[in-house]
*Asks:* 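Before I ask anything, here is the structure I am working with.
Naming: A, B, ... by sequence-line order, numbering from 1 per chain.
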Number of protein chains: 2
Amino acid sequence: MTPDDDRHLVELVRSAGLRVTAPRLAVLRALRQRPHADTETVVRAARVAIGSISSQAVYNVLAAFVAAGLVRRIEPMGSVALYELRVGDNHHHVVCRTCGAVGDVDCAVGRRPCLTPSDAHGFVVDEAEVTYWGVCPSCQAAAAPAGSARRPRSAPSRPDDPRSGRAAGRAVREVER
Amino acid sequence: MTPDDDRHLVELVRSAGLRVTAPRLAVLRALRQRPHADTETVVRAARVAIGSISSQAVYNVLAAFVAAGLVRRIEPMGSVALYELRVGDNHHHVVCRTCGAVGDVDCAVGRRPCLTPSDAHGFVVDEAEVTYWGVCPSCQAAAAPAGSARRPRSAPSRPDDPRSGRAAGRAVREVER
DNA sequence: CAATAATCTTGATTGACTCTATTTACTGAA
DNA sequence: TTCAGTAAATAGAGTCAATCAAGATTATTG
């Protein structure tokens, strides 16, 4: 949020051939604070930052950024779309089955197209998207023998397993890098 | 659709501890014909097969099958949920950026958890889900120098790239194994 | 500073999916 | 074979992320 950062963000937007507006800068700042934010989260953060912005504008801005390659959109199943600033390195994600927490994972094998399918049916493959599913540290703690640790808001076992349908509007937690 | 097949499907449903009903068998048959079908496709196929079924019933049946492990649900970004009968081998998928065609890809490295993230942030990972993105053979042909091949219904370039938002209700094409 | 497009706002609309209540019918036991 | 008991199907309203459309603003460029 320092002038320096702003200058950098302004430059980023401009270099993508897009006009620099308050809503756009606010969206970028929101994504910098929350590396895997859904639209609603960005809307709230942007409103705190610049007072007022329509959620439609946020949808527009995010779509424009994604089209320009400034922002990457991911969609872990059972979750609404999430947006992240880290682009260009084709990294992957770990998602917690219990609470939905998302973390970044570096590409395992070298650079983009880090994997080659055994038989691609003649497809020309240009990207391998990997999502690791598991349980995050704090949910592991919560599931451990009672009385040993603080627990996140959801119960043990897997009431929300995304494999069984759409997630119940759960908040996206972040995992520190 | 032969009696033999039916017997097998009946057994499949029953072995999952579920009651055997016409809608359920119809859903299984639909999925056998269309290995990566969305709900609407299943509904249509089932209606052809048994005359009448509510789409709600199809949602219920699919959810029950997924919960029972008889069916796997996938959600390539930009697509609605797709369902497939092939379960238990943690195979992956190739998706065409142009037309949305989906194909199966065998797990590249050994069996389930075929990949290990470099740094999982303390997550206990139990599954690695991989989606390959590219262009299918027929869309490649369509994009080739004019006059050389038949083309699918969508134009060249990438009007529907899922990375730019929700897909415009496009039909899911199948890719032969 | 004016011209012109891009961007933002407002408000309606879509469409996949969910929820609840009620009816139907599969299954095991009498 | 008949009869609960209960899983499953139907009907219909409701949810919510995301999209569309039209008019009002505003960032750029000369």
Side-chain angles (χ1 to χ4, degrees), chain A residues 10 13-27 37-44 46-47 50-68 73-83 159-160 162-172, chain B residues 10 13-28 37-44 46-47 50-68 70 73-83 159-160 162-172:
Chain A
V10 166
V13 174
R14 187 158 288 149
S15 71
L18 298 171
R19 291 188 178 175
V20 179
T21 67
R24 289 180 168 181
L25 295 178
V27 166
D38 60 20
T39 309
E40 188 48 32
T41 300
V42 174
V43 167
R44 276 199 300 270
R47 283 190 179 140
I50 64 174
S52 148
I53 181 177
S54 69
S55 48
Q56 189 51 226
V58 172
Y59 275 103
N60 292 341
V61 169
L62 288 171
F65 284 173
V66 169
R73 173 189 171 115
I74 62 175
E75 247 177 76
M77 81 167 88
S79 163
V80 297
L82 305 179
Y83 298 87
D160 269 349
R163 285 175 301 189
S164 312
R166 175 146 60 174
R170 88 193 143 198
V172 177
Chain B
V10 167
V13 174
R14 187 158 288 151
S15 71
L18 298 171
R19 289 188 181 173
V20 179
T21 66
R24 289 181 168 181
L25 295 178
V27 166
L28 288 180
D38 60 19
T39 308
E40 188 48 32
T41 300
V42 174
V43 167
R44 276 199 300 270
R47 283 192 179 139
I50 64 174
S52 148
I53 181 177
S54 69
S55 48
Q56 189 50 225
V58 172
Y59 275 103
N60 291 342
V61 169
L62 288 171
F65 284 172
V66 169
L70 262 48
R73 173 190 171 111
I74 62 175
E75 248 177 75
M77 82 168 91
S79 163
V80 298
L82 305 179
Y83 297 87
D160 270 349
R163 285 174 301 189
S164 314
R166 175 146 56 172
R170 91 193 140 197
V172 177

*Asks:* Remember a base hit wins even if backbone is also touched, and classify A64(B) as base, sugar-phosphate or nothing at under 4.0 Å, heavy atoms.
*Replies:*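 Counting heavy atoms under 4.0 Å across all strands, no contact is made by A64(B).
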*Asks:* Between dC8(C) atom P and L62(A) atom CG, what is the distance in whole Å?
*Replies:*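 Answer to the nearest Å: 11 Å.
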*Asks:* Nearest 0.5 Å, please: how far is CG in L62(B) from CG in L82(B)?
*Replies:*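 Answer for the CG-CG pair, L82(B) versus L62(B), is 11.0 Å.
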*Asks:* Grab the CZ-C1' distance between R14(B) and dT27(C) for me, whole Å please.
*Replies:*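 Between C1' of dT27(C) and CZ of R14(B): 9 Å.
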*Asks:* Does the side chain to side chain contact (heavy atoms under 4.5 Å, CB included) test come out yes or no for Y83(B) and V42(B), once each step is laid out?
*Replies:* CA-CA 9 Å; Y83(B) 297 87; V42(B) 174; 5.6 Å; no
*Asks:* Does T39(A) have a side-chain nitrogen or oxygen under 4.0 Å from the phosphate oxygens OP1 or OP2 of dA17(D)?
*Replies:*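 For dA17(D), neither OP1 nor OP2 has a side-chain N or O of T39(A) closer than 4.0 Å.
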*Asks:* Tell me: CD1 of I50(A) to P of dT26(D), nearest whole Å?
*Replies:*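 Rounded to whole Å, this separation is 12 Å.
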*Asks:* Report the nucleotide, chosen from dT9(C), dT10(D), dA18(D), that has the shortest atom-to-atom distance to any side-chain atom of A81(A).
*Replies:*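 Comparing dT9(C), dT10(D), dA18(D) against the side chain of A81(A), the answer is dA18(D).
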*Asks:* Which part of the nucleic acid does T21(A) contact within heavy-atom distance under 4.0 Å: base, sugar-phosphate only, or nothing?
*Replies:*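 Sugar-phosphate, backbone atoms only, no base.
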*Asks:* Assuming nearest nucleotide by heavy-atom distance, tell me which of Y83(A) and G17(B) is located more 5' along DNA chain D.
*Replies:*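 Closest to the 5' end, via its nearest nucleotide, is G17(B).
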*Asks:* As a quick check of understanding, evaluate side chain to side chain contact (heavy atoms under 4.5 Å, CB included) for T39(B) and V80(B), giving each step before the final call.
*Replies:* CA-CA 8 Å; T39(B) 308; V80(B) 298; over 6 Å; no
*Asks:* Output yes when at least one side-chain N/O atom of R19(B) is less than 4.0 Å from OP1 or OP2 of dA25(C), else no.
*Replies:*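 No, outside the criterion.
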*Asks:* Using atom CD of E40(A) as one end and atom P of dC16(D) as the other, report the distance to the nearest whole Å.
*Replies:*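 In whole Å, dC16(D) P lies 11 Å from E40(A) CD.
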*Asks:* Ignoring hydrogens and geometry, is there a side-chain-to-backbone donor-acceptor pair from R24(A) to R19(A) under 3.5 Å?
*Replies:*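 Yes; at least one donor-acceptor contact below 3.5 Å.
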*Asks:* Below 3.5 Å, does any donor atom in the side chain of Q56(A) face an acceptor in the base of dT19(D), or the other way round?
*Replies:*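 Such a pair exists between side chain and base.
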*Asks:* Say you draw a straight line from CG of L18(A) to CZ of F65(A); how long is it, rounded to the nearest 0.5 Å?
*Replies:*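 L18(A) CG to F65(A) CZ: 6.5 Å, rounded to 0.5 Å.
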*Asks:* Take atom CG of N60(A) and atom P of dC20(D), then tell me their distance rounded to the nearest Å.
*Replies:*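 Between P of dC20(D) and CG of N60(A): 11 Å.
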*Asks:* Atom OH of Y59(A) to atom C1' of dT10(C): distance rounded to whole Å?
*Replies:*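 Taking OH of Y59(A) and C1' of dT10(C), I get 16 Å after rounding.
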*Asks:* Rounded to the Å, how far apart are I53(B) CD1 and dA11(D) P?
*Replies:*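 Those two atoms, CD1 and P, are 11 Å apart.
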*Asks:* Starting at atom CG of L18(A), determine the distance to atom P of dT28(D), rounded to an integer number of angstrom.
*Replies:*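 It works out to 10 Å between those atoms.
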